[in-house]
Amino acid sequence: MPVRSVAAAVGVPERTVRHWCTGTRRTGDPRRTRARCFRCAPGIDVPVADYAYLLGMYLGDGHLTAAQRTHCLWIYCGDDWPGIIDDVRAATAAVLPGASVSTTPRAGSTAVKCFSRHWTCLFPQHGPGMKHTRPIRLEPWQRAVVDTRPDRFLRGLFHSDGCRTTNRVRAVLADGSVREYSYPRWFFDNTSEDIMRLAEGALDLLGIAHRRARRTCLSVARADAVAELDAAIGPKT
């Protein structure tokens, strides 16, 4: 119901009802405490690892929507990996303490969502249109976060748009014999060239060998590189 209708129904001033809806209780009830943004409130430590992970997830499968005087962060996670849903919820709560994080079921996926006025502070890449149709540039403070924890940033990117597969090869040798073998391989797929370059830059920071399988697909295939990436980001669960 609109604030005006509620005020008329309960017989109190409209301004009082609006304060109840948006203000903070003096009792310090955490359910009514405003979310604290490390970009806006001085003295709050930057949750580097959690923000790096959430930034990777946002660039892959996230977006912001406007809702009156606030924004909602949406990050879509496949239902086949419930551990990723838990990781995204935990990272969102750590990045914006005091905010309410919830989930909404979708066909074959779950959307992790959170309302706050601060999401545009934390994700200045927000803008009209799909990410691959516009420039995606990190702010200097975001670059510092990624440079500090490239492993967590890659974890977010690969949890959203990456996969680990078994590559199977069948080769016919010169003598006519057939050799078959298989090996693990990581792929990262994204249509945005800027996001692809961010992924490559983070891999370079960790010294992990990689190449482009095609323009929109990044491949990590060397045995030592796969092992290093496994250790850096862990499995999708």
Side-chain angles (χ1 to χ4, degrees), residues 38-39 45-62 75-78 80-81 83-92 94-95 122-125 131-132 134-169 171 179-237:
F38 65 81
R39 290 290 299 161
D45 292 334
V46 180
V48 175
D50 290 300
Y51 180 78
Y53 175 72
L54 197 62
L55 176 61
M57 290 296 301
Y58 164 76
L59 292 177
D61 287 328
I75 295 181
Y76 291 87
C77 308
D80 291 337
W81 298 283
I84 294 179
I85 299 174
D86 293 338
D87 287 348
V88 173
R89 293 194 63 166
T92 304
V95 168
L122 298 171
F123 296 122
Q125 288 72 34
K131 297 188 189 78
H132 70 273
R134 52 191 172 86
I136 300 295
R137 303 284 188 270
L138 296 186
E139 297 291 329
W141 64 269
Q142 291 177 302
R143 172 58 63 186
V145 168
V146 172
D147 289 349
T148 303
R149 293 302 303 267
D151 56 330
R152 295 288 294 181
F153 179 62
L154 287 170
R155 180 178 171 88
L157 289 177
F158 277 85
H159 274 187
S160 58
D161 287 334
C163 68
R164 189 182 191 276
T165 67
T166 299
N167 206 41
R168 305 184 188 280
V169 179
R179 181 191 175 198
E180 296 183 350
Y181 61 96
S182 62
Y183 59 93
R185 191 175 186 178
W186 279 99
F187 287 106
F188 176 73
D189 250 293
N190 197 288
T191 312
S192 168
E193 176 62 22
D194 289 338
I195 295 175
M196 290 291 289
R197 291 183 182 276
L198 290 174
E200 290 172 327
L203 289 168
D204 290 339
L205 287 172
L206 294 176
I208 297 176
H210 58 86
R211 68 177 183 85
R212 293 279 185 107
R214 58 181 184 275
R215 187 185 67 81
T216 61
C217 181
L218 189 65
S219 168
V220 176
R222 275 177 29 183
D224 58 337
V226 171
E228 291 168 357
L229 191 56
D230 285 346
I233 69 177
K236 297 178 73 169
T237 59

Test ring-ring contact (aromatic ring centres under 6.0 Å, His included) applied to Phe158 - qualifying residues, sequence neighbours left out: Trp186, Phe188
About how many Å separate OG1 of Thr237 and CD1 of Ile85, when rounded to the nearest 0.5 Å? 10.0 Å
Measuring from His159:NE2 to Ile75:CD1, what's the distance to the nearest 0.5 Å? 12.5 Å
Write down the atom of Ala94, the atom of Pro47, and the distance for their closest heavy-atom approach. O-CG, 3.7 Å
Run the side-chain contact (heavy atoms from CB on, under 4.5 Å) test against Ala225 and tell me which residues pass, sequence neighbours left out. Ile208, Ala209, Val220, Arg222
All heavy atoms of Cys77 vs all of Ile84, minimum pair found to be SG-CG2, 4.3 Å
Of all residues at least two apart in sequence or in a different chain, which pass the side-chain contact (heavy atoms from CB on, under 4.5 Å) check with Thr148? Val48
Closest approach of Ala232 to Leu206 (non-hydrogen atoms, all atoms of both residues): CB-CD1, 4.1 Å
Closest heavy-atom pair and its distance - Gln142, Leu122: NE2-O, 3.6 Å
Note: Ala202 and Phe153 closest approach over all heavy atoms is CB-CD2, 3.9 Å
Could you state the interatomic distance from CG (Leu157) to CD1 (Ile233), rounded to the nearest 0.5 Å? 9.0 Å
For Arg137, all residues meeting salt bridge (charged side-chain N to carboxylate O under 4.0 Å, His left out), sequence neighbours excluded: Asp194
Over 12 non-hydrogen atoms of neighbours within 6.0 angstrom of CZ in Arg212: yes
How would you list, by chain and number, every residue that makes a ring-ring contact (aromatic ring centres under 6.0 Å, His included) with Phe123, sequence neighbours excluded? Tyr51, Tyr58, Trp119
Any residue meeting side-chain contact (heavy atoms from CB on, under 4.5 Å) with Asp204, in chain and number order, not counting sequence neighbours: His210
Could you grab the distance from atom CG of Asp87 to atom OG1 of Thr92, nearest 0.5 Å is fine? 10.5 Å
Heavy-atom donor-acceptor pair, Lys131 side chain to Thr191 backbone, under 3.5 Å: no
Please name all residues satisfying salt bridge (charged side-chain N to carboxylate O under 4.0 Å, His left out) with Asp151, sequence neighbours left out, ordered by chain then number. Arg149
The criterion is side-chain contact (heavy atoms from CB on, under 4.5 Å); which residues satisfy it with Ala221, sequence neighbours excluded? Tyr183, Arg185, Ser219
About how many Å separate OG1 of Thr216 and CZ of Phe187, when rounded to the nearest 0.5 Å? 11.5 Å
Write out all pairs satisfying salt bridge (charged side-chain N to carboxylate O under 4.0 Å, His left out) with one or both partners inside residues 228-237, taking only residues at least two apart or from two chains. Arg164-Asp230
Could you state the interatomic distance from CG (Leu203) to CD (Glu200), rounded to the nearest 0.5 Å? 8.0 Å
Any non-hydrogen side-chain atom of Ile136 less than 4.5 Å from a side-chain atom of Glu193? no
By side chain to side chain donor-acceptor pair (under 3.5 Å), Asn190 pairs with (sequence neighbours left out) Asp161
Listed partners of Arg39 passing side chain to side chain donor-acceptor pair (under 3.5 Å), at least two apart: none
Contacts of type salt bridge (charged side-chain N to carboxylate O under 4.0 Å, His left out), residue Asp189, not counting sequence neighbours: Arg214
Please test Val145 against Leu55 for side chain to side chain contact (heavy atoms under 4.5 Å, CB included), starting from the C-alpha separation and ending with a verdict. CA-CA 10 Å; Val145 168; Leu55 176 61; 5.9 Å; no
State, to 0.1 Å, how close Asp61 and Ser160 come at their nearest heavy-atom pair, and which atoms those are. OD2-O, 3.0 Å
